[in-house]
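Please read the structure below before turning to the comments.
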Amino acid sequence: MENEQFDITSQLKRDLDPQEMLRVIFDYAAKIANERILDNVLMLMADMGREMIVSDRCTVWLLDSNKNELWSKVAHGLDEIRIPSTAGLVGYAVTNDKAVFIHDAYSNEEYKSYLINGALRTDQQTGYRTKALLVIPFRNSQGEIMGAYQAINKLTASEQFSDKDMEYLTLASSYAGKSLESALLTNEIEETQKEIIFRMGEIGESRSKETGNHVKRVAEYSYLLALGLGMSKEEAELLKMASPMHDIGKVAIPDSVLNKPGKLTDEEFKLMQNHTRIGYNLLKNSNRHILKTAAVVAYEHHEKWNGRGYPRGIKGEDIHIYGRITGIADVFDALGSERVYKKAWELDRILTLFKEERGEHFDPKVVDAFFQQLPAILRVRDQYSDAALEDRAEV
């Protein structure tokens with residue numbers, strides 16, 4: 001643990017001059033304004049505070065009033081932390097609505113009890129050496145405390161935070177409250193959208209007597225395949241949110257066709273194929289990015305690499321990558337699941353088919369990504385199996 005200890009002499013820096021301070025503020029303000037993912041906003045906030053006052057670590061804590069906890073997904077050098085809302089120096093600052101700065105955590109008497117249960121205990125666990133501390137609460141637009149900035153260890157020769165640092169971090173805290181409030185609202189809206197989209201996907205599948213776990217598995221498989229193809233986490237998440245809507249058009253297909261136990265006639269199959277167009281038409285006019293993506297998935301997940309799919313018979317890279325990914329995810333789950341018209345296939349049989357259909361039904365690159373991600377895909381299949389769903393329902 002000794003190599004983790006704080007060594008001020010090896011990291012000495014100087015305070016920012018006014019021009020440098022403005023550059024930091026403007027740079028981070030631009031980044032934060034364009035960021036919609038809460039975790040990333042928290043990271044940017046912490047980085048901004050750390051650079052502004054030249055500290056070793058900076059953490060942005062948020063207050064979870066429902067659980068009476070303070071939490072952070074961003075703590076430089078650490079993973080997510082959750083603590084009681086009254087714990088440690090940050091808990092004191094939030095509970096008492098008071099900014100606090102301490103020159104030496106190991107000699108301070110005024111806040112000794114909070115330090116013993118907070119920073120000093122963490123030091124024992126990690127081998128880090130806390131010296132200077134600065135904690136400033138911040139508020140939402142209603143004036144309610146929603147969290148706090150916590151900076152640890154000044155990296156200049158003085159090793160102590162100053163009144164000027166307090167002023168700068170107070171400025172960052174004021175900005176953090178407004179930006180985080182917006183990010184939290186956006187996050188809540190997106191979570192609500194995800195829930196609605198998933199439930200709509202379930203409705204489509206329930207018409208053909210599929211379980212809710214089918215759409216969940218297809219979503220998770222699509223996410224893994226997107227990552228395997230080198231997509232960003234953000235784009236993979238977008239596809240994961242949209243893919244549950246792939247069969248939403250089934251809501252308009254008659255039960256007599258949808259749940260027919262035997263082979264469909266040519267006329268019935270043409271009727272079944274219409275679910276792709278119906279789903280696309282339901283979603284295509286939305287201005288929401290998620291629903292526009294879902295429209296593409298609904299329209300193209302039954303197209304084939306060789307041009308023999310439906311509804312348009314497009315081929316190769318004319319098929320959107322989202323359709324190609326969701327298509328193989330859907331086929332894998334459909335073949336491995338028991339349906340009214342067939343028994344579930346064994347895994348080896350499915351894998352053999354995928355190898356045979358590489359470059360025919362499926363995009364070769366997506367097939368390769370599938371085999372690369374197969375261990376993770378199988379873990380998802382087990383985690384969200386229909387049997388697991390039934391077991392949980394009985395508990």
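- In this view, Glu303 satisfies the salt bridge (charged side-chain N to carboxylate O under 4.0 Å, His left out) rule with no residue, not counting sequence neighbours.
- By the side chain to side chain contact (heavy atoms under 4.5 Å, CB included) test, Glu51 pairs with Val24, Tyr28, sequence neighbours left out.
- Every residue was checked against the salt bridge (charged side-chain N to carboxylate O under 4.0 Å, His left out) condition with Arg381, not counting sequence neighbours, and none meets it.
- For the pair Arg129 and Tyr106, the cation-pi criterion (under 6.0 Å, within 45° of the ring axis) is fulfilled.
- Judged as a salt bridge (Lys or Arg N to Asp or Glu O under 4.0 Å), the pairs with a partner in residues 14-30 (not counting sequence neighbours) are, in order, Arg14-Glu20, Asp15-Lys154, Arg23-Asp27.
- Hydrophobic clustering (ILVMFWY, side-chain heavy atoms < 4.5 Å, transitive): Leu225 and Tyr322 are in one cluster.
- Identified under the side chain to side chain donor-acceptor pair (under 3.5 Å) test for residues 220-230, with sequence neighbours left out: Glu220-Lys240.
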Subject >> Residue pair Arg312, Asp318: steps toward the salt bridge (charged side-chain N to carboxylate O under 4.0 Å, His left out) verdict >> reply: CA-CA 11 Å; Arg312 291 180 293 161; Asp318 289 340; over 6 Å; no

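- Tyr92 and Tyr114 have their aromatic ring centers within a separation under 6.0 angstrom.
- Applying the salt bridge (charged side-chain N to carboxylate O under 4.0 Å, His left out) rule to Asp104 yields no partners; only residues at least two apart in sequence or on another chain are considered.
- Partners of Thr170 by side-chain hydrogen bond (donor to acceptor under 3.5 Å, both in side chains), not counting sequence neighbours: none found.
- Under a 4.0 Å N-O distance rule, the pair Arg379/Asp382 does not qualify as a salt bridge.
- Remark: Glu317 pairs with Trp305, Arg324, Lys365 by the side chain to side chain contact (heavy atoms under 4.5 Å, CB included) rule, at least two apart or across chains.
- Note on Ile377: it clusters hydrophobically with Trp345, by side-chain heavy-atom contacts below 4.5 Å among ILVMFWY residues.
- Shown here are the side-chain hydrogen bond (donor to acceptor under 3.5 Å, both in side chains) partners of Ser158, two or more places apart in sequence or in another chain: Thr156.
- Hydrophobic clustering (ILVMFWY, side-chain heavy atoms < 4.5 Å, transitive): Ile319 and Phe370 are in distinct clusters.
- Val218 shares a hydrophobic cluster with no other residue; no ILVMFWY side chain has heavy atoms under 4.5 Å from its own.
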I'd like a table of donor-acceptor pairs (distance under 3.5 Å, sequence neighbours excluded) in which one partner is a side-chain atom from residues 271-278, with atom names and distances.
{"unit_1": "His275", "atom_1": "ND1", "unit_2": "Met272", "atom_2": "O", "d": "2.8"}
{"unit_1": "His275", "atom_1": "NE2", "unit_2": "Asp247", "atom_2": "OD1", "d": "2.9"}
{"unit_1": "Thr276", "atom_1": "OG1", "unit_2": "Gln273", "atom_2": "O", "d": "2.8"}
{"unit_1": "Arg277", "atom_1": "NH1", "unit_2": "Tyr299", "atom_2": "OH", "d": "3.4"}
{"unit_1": "Arg277", "atom_1": "NH2", "unit_2": "Pro311", "atom_2": "O", "d": "3.3"}

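- Remark: Asp97 engages Arg139 in a salt bridge (charged side-chain N to carboxylate O under 4.0 Å, His left out) (not counting sequence neighbours).
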